[in-house]
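Each chain gets a letter, A, B and so on, in the order the sequences are listed, and its residues count up from 1.
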Number of protein chains: 2
Amino acid sequence: MSGFDEREAAWIALNQTRTRIFSRAERALVAAGFPRLHWYDVLWELERAPDGLRPKQLEQQLLFDQSSFSRQVARMAEDGLLTRHAATGDARGKILRITDKGRALRLQMWDIYRVHIDEGIAEAQKTGAFAALKRLDD
Amino acid sequence: MSGFDEREAAWIALNQTRTRIFSRAERALVAAGFPRLHWYDVLWELERAPDGLRPKQLEQQLLFDQSSFSRQVARMAEDGLLTRHAATGDARGKILRITDKGRALRLQMWDIYRVHIDEGIAEAQKTGAFAALKRLDD
DNA sequence: AAAAAAAACATGTAAATGCATCTAAATAGA
DNA sequence: TCTATTTAGATGCATTTACATGTTTTTTTT
């Protein structure tokens, strides 16, 4: 059984790799005039949900702060990337659905994002950043 | 050689695991009245640098935005967690050094942080989140 | 050595974040 | 069924972020 030091080392590798990729991808997205990755994540989740999603679901899935997410959704709706319908059977709730514009934007963002994922993971492999992770027992 | 789909799967696992751990740890830190993890990271880097560090170095290492970091350092200095000396030999620059108060705070934060790293990595192992990572060639 | 370019850090400002709180609707309890 | 509690989502407000730009000092170019 792996002790804590192993887990700590795995965490550091994990965190550094994700931060590097995330940071580069965001820079590239902003430079290209696109929104940031947390907008991307919302578009992606909505695209995979044909019947739409409740804000609460999405917020828990993506681990977003409720109030920040509420405003993010409002901005994304303003930009025409998603729609907010009343939820049938729950007058408090909303159903979020991606729009065609949202789908198109996600694709454009993905073209940039994927390059950085690919390069970043390849780099991590090359520099042995995953060694600590592979050392963990299953 | 692993294709892109493998790398993409590895990224998703990586990102989800890190987000889960990060988010839980931050919640716990805030609940305990402590600063967030990007403060922790600065304290940790400074603690490992006996001669101190230039803001520029730190900012590049941690991939922070320059202007945000400049203000973060100011706040941390106000709180007495670090000091800003003039850099010898470069009148533009500063040297950041951790204080005893900063060291003490880092330890307290670590007590909380480590629990979430440990639990989160263990959980990721158990649920097979690292399978995609282990599948990558070296 | 003077002028031009770059580097390190700070700051003005607008937008985003997050805690606390609010409203309205749904569910649980008495 | 009437009341108390919980849940979904929005919003007020203070803090933080990040882009653009400013200031000072260092380095490079001519």
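The side chain of B:R36 contributes no N or O atom lying less than 4.0 Å from OP1 or OP2 of D:dT15. Listed pair A:S70 / D:dA10 meets the phosphate criterion, a side-chain N or O lying under 4.0 Å from OP1 or OP2. Residue A:R92 places none of its side-chain N or O atoms closer than 4.0 Å to OP1 or OP2 of C:dT23. Considering only side-chain N and O atoms, A:R27 lies nowhere under 4.0 angstrom from the phosphate OP1 or OP2 of D:dC19. Neither OP1 nor OP2 of D:dG12 sits under 4.0 Å from any side-chain N or O of A:R71. An OP1 or OP2 oxygen of D:dT17 is reached within less than 4.0 angstrom by a side-chain nitrogen or oxygen of B:H38. Side-chain nitrogen and oxygen atoms of B:S68 include none within less than 4.0 Å of the OP1 or OP2 phosphate oxygen of D:dT16.
Computed from coordinates, the A:F64 CZ to C:dC19 C1' distance equals 18 Å when rounded to whole Å. Rounded to an integer number of Å, the gap from A:L37 CG to D:dA18 C1' is 16 Å. As rounded to whole Å, 8 Å separates atom P of D:dA18 from atom CD of A:E26. When the C1' atom of C:dA25 is taken as reference, atom NZ of A:K56 falls 14 Å away, rounded to whole Å. In this structure, the CZ atom of B:F69 is 9 Å from the P atom of C:dC9, given to the nearest Å. The CD atom of A:E59 sits 10 Å away from the P atom of D:dA10 (whole-angstrom rounding). Atom CD in A:E78 sits about 12 Å away from atom P in C:dA15, given to the nearest Å. If you take CG of B:D65 and P of C:dC9, they are 14 Å apart, rounded to a whole angstrom.
A salt bridge links B:K56 with B:E59: the distance from a Lys NZ or Arg NE/NH1/NH2 to an Asp or Glu carboxylate oxygen falls below 4.0 Å. A salt bridge links A:D90 with A:R54; the closest basic N to acidic carboxylate O contact falls under 4.0 Å. No salt bridge links A:E8 with B:R114; every basic N to acidic carboxylate O contact stays at or beyond 4.0 Å. Between B:E47 and B:R106 there is a salt bridge, with a side-chain nitrogen of the basic residue lying less than 4.0 Å from a carboxylate oxygen of the acidic one. Salt-bridge formation is detected for the pair B:R24/B:E123: a Lys NZ or Arg NE/NH1/NH2 atom is positioned less than 4.0 Å from an Asp or Glu carboxylate oxygen.
As judged by a 4.0 angstrom heavy-atom cut-off over every strand, B:Q66 is placed among the base-contacting residues.
Ranked by how close their nearest DNA chain D nucleotide is to the 5' end, B:W39 and B:D90 are led by B:W39. Between B:S67 and A:R54, the residue anchored closer to the 5' end of DNA chain D is A:R54, taking for each the nucleotide with the nearest heavy atom.
Using cut-offs of 30° and 60° on the angle between ring planes, the pair A:Y113 and A:Y40 is perpendicular.
When the C1' atoms of four end pairs are superposed on the next four at each end of the helix from C:dA1-D:dT30 to C:dA30-D:dT1, using five pairs per end, the two resulting axes differ in direction by 30°, to 10°.
Across A:L14, A:T19, A:I12, a single residue satisfies side-chain contact (heavy atoms from CB on, under 4.5 Å) together with A:Q16, and that is A:I12.
A donor-acceptor pair is defined here as one N or O able to donate and one able to accept, closer than 3.5 Å; no such pair exists between the side chain of A:R20 and the backbone of A:G120.
Nearest nucleotide to the side chain of A:A91, out of C:dA26, C:dC9, C:dT17: C:dA26.
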